Amino acid sequence: MHSPFDPVPASSPLLANLNDEQLAAVTLPAEHALILAGAGSGKTRVLTTRIAWLLQNGHITPGGVLAVTFTNKAAKEMMTRLSAMLPVNVRGMWIGTFHGLCNRFLRAHYKLANLPQSFQILDTQDQLSAIKRLMKQNNVDDERFPAKQTMWFIASCKEDGLRPGAVQVRDDETRRKVEIYQLYEDQCQREGVVDFGELMLRSYELLRDNDPIREHYQRRFRHILIDEFQDTNKLQYAWIKMLAGSESAVLAVGDDDQSIYAFRGARVGNMADFVREFAVQHQIKLEQNYRSYSNILDSANELIGHNKKRLGKNLRTTQGPGEPVRVYEATSDFAEATWMVDEMRQLQRDQGIEAGYSRKEMAVLYRSNAQSRVIETALFNAKVPYRVYGGLRFFERAEIKHALAYLRLLENPNDDTSFLRVVNFPPRGIGARSLEQLQDIAKFSGCSLHDAVSAATGKAGANIGAFVAKLDVLREQTAQMTLRDIIEAVLEHSGLIEHYKADKEGADRVENLEELVNAAESFVTVEGFGRDAVALPVDELGAGLSQSPASQGLDTRMPPPQPSPGRGGSESEFTELLPPLPGEGGGGGMSATSSINSDQPPDATGETLSPLAAFLTHAALESGDNQAQVGQDAVQLMTVHSAKGLEFDCVFITGLEEGLFPNENALSDHEGIEEERRLMYVAITRARKRLYLSHSQTRMLHGQTRYNLKSRFFDELPEAALRWLTPKNQGFGSGFKSSWGATNSGAARAGSTWSGGTFGSKKAVEESVPEQKAPSGHGIRKGMKVFHTKFGEGTVQALEGVDAEARAQVNFPRHGVKWLALSVAKLVPV
DNA sequence: CCGCCAGCTGTTTTT
DNA sequence: CAGCTGGCGG
């Protein structure tokens with residue numbers, strides 16, 4: 001790879017060093033295709049080279065490409081690599097996340113989408129508080145309808161493309177939820193805000209319902225490329241279908257074996273649907289792995305081979321076997337962590353054949369975040385620097401959200417979520433009762449809280465009046481300011497800085513608030529106001545090609561990327577926006593010229609967004625780095641989920657125990673266990689050189705010591721690739737082995753559909769051993785999912801008594817909580 | 001408005 | 001165990 005500044009040789013080495021599979025994928029004809037890209041098979045490289053190849057050979061202009069990813073990181077990576085291959089203005093191209101592109105689309109067509117141009121985006125936190133507020137206002141019983149669940153309901157409706165009216169109502173509970181959904185929609189519309197799901201859904205609907213718009217984009221995007229296709233949900237797939245016209249070629253890249261997001265609506269089935277519905281003629285498997293030694297790869301292959309539902313794929317490598325996969329059994333979670341720290345110390349040392357590994361090349365993976373604690377303790381005690389992934393990102397921190405709320409109110413006074421967030425923060429003597437009063441007034445007159453204040457002067461209290469007045473003054477004062485000055489003014493006049501400075505614990509928060517100013521600064525200069533936030537020219541040739549707009553074939557001698565837009569001020573990017581078309585906004589009549597000159601969609605207005613609104617959008621769409629800071633050499637700690645897409649020399653997969661990994665909540669059905677297995681597959685394939693697998697006999701969880709069996713996944717790995725650092729045994733504390741193994745079988749398991757026959761010996765031993773003594777023979781455990789012929793599936797909440805007296809408390813979703821005598825009720829573990 | 005305590009709830013996560 | 005929420009009292 002050369003740097004962006006190297007001249008591209010005439011015989012561009014774009015295709016050099018690609019293997020046959022990759023080359024085939026890159027040079028596919030302009031038809032629909034599915035690339036099954038295994039872990040470490042050079043997927044991103046294929047994707048970016050494909051785009052570069054299409055551009056270089058004049059198959060497409062930059063504006064004709066649509067490339068979608070899930071994360072900002074992946075999108076950025078794609079743009080960086082692409083601009084390293086070709087001197088193309090990637091900024092003007094439609095490369096981005098689903099949500100980022102939908103945002104861009106909705107800004108460009110805000111009138112048709114029935115949104116204010118400066119609509120703001122609710123993140124999950126905002127969405128939840130909006131729902132809580134709405135439920136309180138409408139006296140919804142929050143016992144029966146927990147806000148979180150309601151949020152989840154709304155989100156999944158949207159993911160399925162369902163508006164309130166379209167949801168199938170089968171019972172009263174759903175009816176009520178749908179009512180709340182409707183109220184929520186009305187509220188968002190009134191306040192001029194959209195949640196993440198809404199970005200997707202509204203874009204989809206606009207494309208679906210507006211023929212000229214849809215036809216325009218279909219004509220425009222000749223090549224649609226989708227990354228991580230296995231993670232797309234129903235709506236995202238439908239959105240792609242809307243954008244793909246008769247002349248478009250859709251290239252879907254994905255790996256069904258790495259589908260680990262079913263719980264948030266991802267449908268692997270989209271891959272098969274895609275092949276069928278698009279009559280895909282080209283399917284290419286990228287099976288050559290460039291990452292791992294074969295012991296690691298063999299382990300991954302053998303493990304994933306235990307899944308039934310697969311498209312089928314086998315990774316291979318030309319590298320040798322490498323080190324064996326090491327397996328360790330610890331007596332306790334703490335011992336496991338201690339062993340790991342020791343092992344890391346060894347790895348850091350030069351070992352002759354292998355040079356010492358740096359800490360940042362070592363990763364500890366676990367199934368759930370709670371597991372990081374012991375490991376952190378061990379690392380801390382050993383004074384080993386480490387970094388935990390996950391947790392709050394920059395723009396999600398409370399103090400930042402507060403500052404953003406003020407900024408949002410400047411942009412849009414109707415944003416009640418933001419209003420309530422800061423109306424009394426810092427405290428200014430506005431109590432709950434006056435706010436309730438205000439909310440009632442607002443509800444009665446159907447206006448925002450902000451507007452309700454002026455309608456009820458005096459009545460709502462002088463303090464609120466003062467707050468709103470202050471806000472209004474601030475809005476006026478900052479109207480002409482630069483983004484930086486606006487933020488500084490807000491920090492100053494809101495009293496936020498002052499408030500945190502007075503707090504002895506507030507130093508970090510003050511620092512973060514100051515960092516917000518920097519973030520805004522670099523947003524303007526580096527990000528050039530943020531691609532996604534601004535209604536960019538929808539002109540397919542983008543700003544970079546203004547000299548020869550007529551040229552259809554790509555000129556590979558395009559001018560280099562524009563001078564950084566922010567530096568020439570907002571000018572360069574903003575003044576180049578196209579003039580509005582006559583008859584814009586109506587949506588009905590598309591002018592003849594615009595349909596011929598496909599550069600411009602029917603209602604393009606060319607209006608721009610204020611820098612502030614753009615920055616706020618940026619904050620919502622890109623909540624900041626969740627990554628370990630670069631530079632510091634620290635051991636990396638993260639969940640398996642967040643490790644997806646990353647790679648390390650040395651990987652430790654910890655807590656490989658039944659109930660944990662695979663997680664007990666996934667054990668009830670086949671789909672669940674297969675997803676856990678894919679998760680394990682993802683974990684294994686993160687390792688380049690060394691892989692360690694560990695489990696522990698005991699583990700503290702929820703304040704109780706649990707006795708877990710080692711994960712079934714150990715039995716699914718090739719023995720030849722493993723080295724057991726501790727004696728390979730049943731993974732049991734010695735006292736339990738016989739009693740449990742012998743008694744646990746037969747009646748309780750009859751009807752269980754488990755294959756493999758080892759199920760009985762695999763289940764976690766009774767958690768509370770001291771109280772219950774040895775587990776009794778019924779095989780029912782706390783936390784277990786059981787099936788009852790009358791009540792269906794439920795979860796065991798508690799157990800009491802022994803033998804004939806034994807009773808279980810089971811929570812059945814449909815029928816509530818029941819105490820059942822085990823001698824009578826037939827409970828079958830599922 | 002703040003602080004305290006009781007009670008609850010604990011997979012995985014990006015946008 | 002531990003972190004968070006909601007309710008209540010000062």
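Please read these numbers as outputs of a predicted model, since none were measured by experiment. Naming convention: chains lettered A, B, ... in sequence-line order (proteins, then strands); numbering from 1 in each chain.
Relative ring orientation between Phe523(A) and His618(A) is described as tilted, the plane-to-plane angle lying within the 30° to 60° band.
Toward the 5′ end of DNA chain B lies the nearest nucleotide of Pro427(A), the other residue of the pair Pro427(A) and Glu675(A) mapping further downstream.
Taking only side-chain atoms of Lys132(A), from C-beta outward, the nucleotide of dT15(B), dG6(C), dT12(B) with the closest atom is dG6(C). Of the listed nucleotides (dC1(B), dT13(B), dT11(B)), dT11(B) has the atom at the smallest distance from the side chain of Arg367(A). Which of dC1(B), dT11(B), dT12(B) sits closest to the side chain of Asn663(A) comes down to dT11(B). The nucleotide whose nearest atom lies closest to any side-chain atom of His702(A) is, among dT12(B), dT14(B), dG10(B), dG10(B).
Take Ala74(A) and apply the side-chain contact (heavy atoms from CB on, under 4.5 Å) test, not counting sequence neighbours, and it matches Thr69(A), Thr71(A), Asp227(A). Partners of Glu77(A) according to the side-chain contact (heavy atoms from CB on, under 4.5 Å) rule, which considers only residues two or more places apart in sequence or in another chain, are Thr44(A), Arg81(A).
Remark: C1' of dG6(C) and NZ of Lys148(A) are 14 Å apart, rounded to the nearest angstrom. Distance CD (Gln125(A)) to C1' (dC4(C)): 14 Å, rounded to an integer number of Å. Here the C1' atom of nucleotide dC8(B) and the CD atom of Glu143(A) are 11 Å apart, to the nearest Å. Look at OH on Tyr366(A): it is 14 Å from P on dT11(B), rounded to the nearest Å. Atom CG of Leu701(A) is separated from atom P of dT12(B) by 11 Å (rounded to the nearest Å). Going from atom NZ of Lys73(A) over to atom P of dT15(B) covers 10 Å, rounded to whole Å. One atom, CD of Gln230(A), and another, P of dT14(B), lie 15 Å apart when rounded to the nearest Å. Nucleotide dT13(B) holds its P atom 7 Å from the NE2 atom of His641(A), rounded to whole Å.
Residue-level contact check: Leu365(A) touches neither bases nor backbone, having no heavy atom under 4.0 Å from any strand. Phe98(A) comes within 4.0 angstrom of no nucleic acid atom, judged by non-hydrogen atoms across all strands. At the heavy-atom level, Asp195(A) lies nowhere under 4.0 Å from the strands shown. Contacts of Gly429(A) with the nucleic acid, taken as non-hydrogen atoms under 4.0 Å apart, involve only primed sugar atoms and P, OP1 or OP2. No engagement by Gln371(A) is indicated, since no non-hydrogen atom pair under 4.0 Å with the nucleic acid exists.
Distances shorter than 4.0 Å separate none of the side-chain N or O atoms of Arg373(A) from OP1 or OP2 on dC1(C). Under 4.0 angstrom from either OP1 or OP2 of dT14(B) there lies no side-chain N or O belonging to Asn72(A). Distances shorter than 4.0 Å separate some side-chain N or O of Asn369(A) from OP1 or OP2 on dT13(B). Side-chain nitrogen and oxygen atoms of Arg699(A) include none within less than 4.0 Å of the OP1 or OP2 phosphate oxygen of dC1(C). The phosphate of dT15(B) (OP1 or OP2) has no side-chain N or O of Arg264(A) nearer than 4.0 angstrom. Side-chain N/O atoms of Thr97(A) include none lying less than 4.0 angstrom from OP1 or OP2 on dT14(B). Phosphate contact (OP1/OP2 of dT12(B), side-chain N/O of Asn665(A), threshold under 4.0 Å): absent.
Using a 4.0 Å cut-off between charged nitrogen and carboxylate oxygen, Asp255(A) and Lys43(A) do not count as a salt-bridge pair. Using a cut-off of 4.0 Å between Lys/Arg side-chain N and Asp/Glu carboxylate O, Glu657(A) and Arg706(A) are scored as not salt-bridged. Comment: Lys644(A) engages Asp231(A) in a salt bridge, judged by a side-chain N to carboxylate O separation of less than 4.0 angstrom.
Side-chain atoms of Thr124(A) come within donor-acceptor range of the base of dT15(B), with a qualifying N/O pair under 3.5 Å.
By the criterion of a centre-to-centre distance under 5.5 Å and near-parallel planes under 30°, the ring of Phe263(A) forms no stack with the base of dT13(B).
Looking at Asp195(A), its side chain does come within 3.5 Å of a backbone N or O of Glu198(A) through a donor-acceptor pair.
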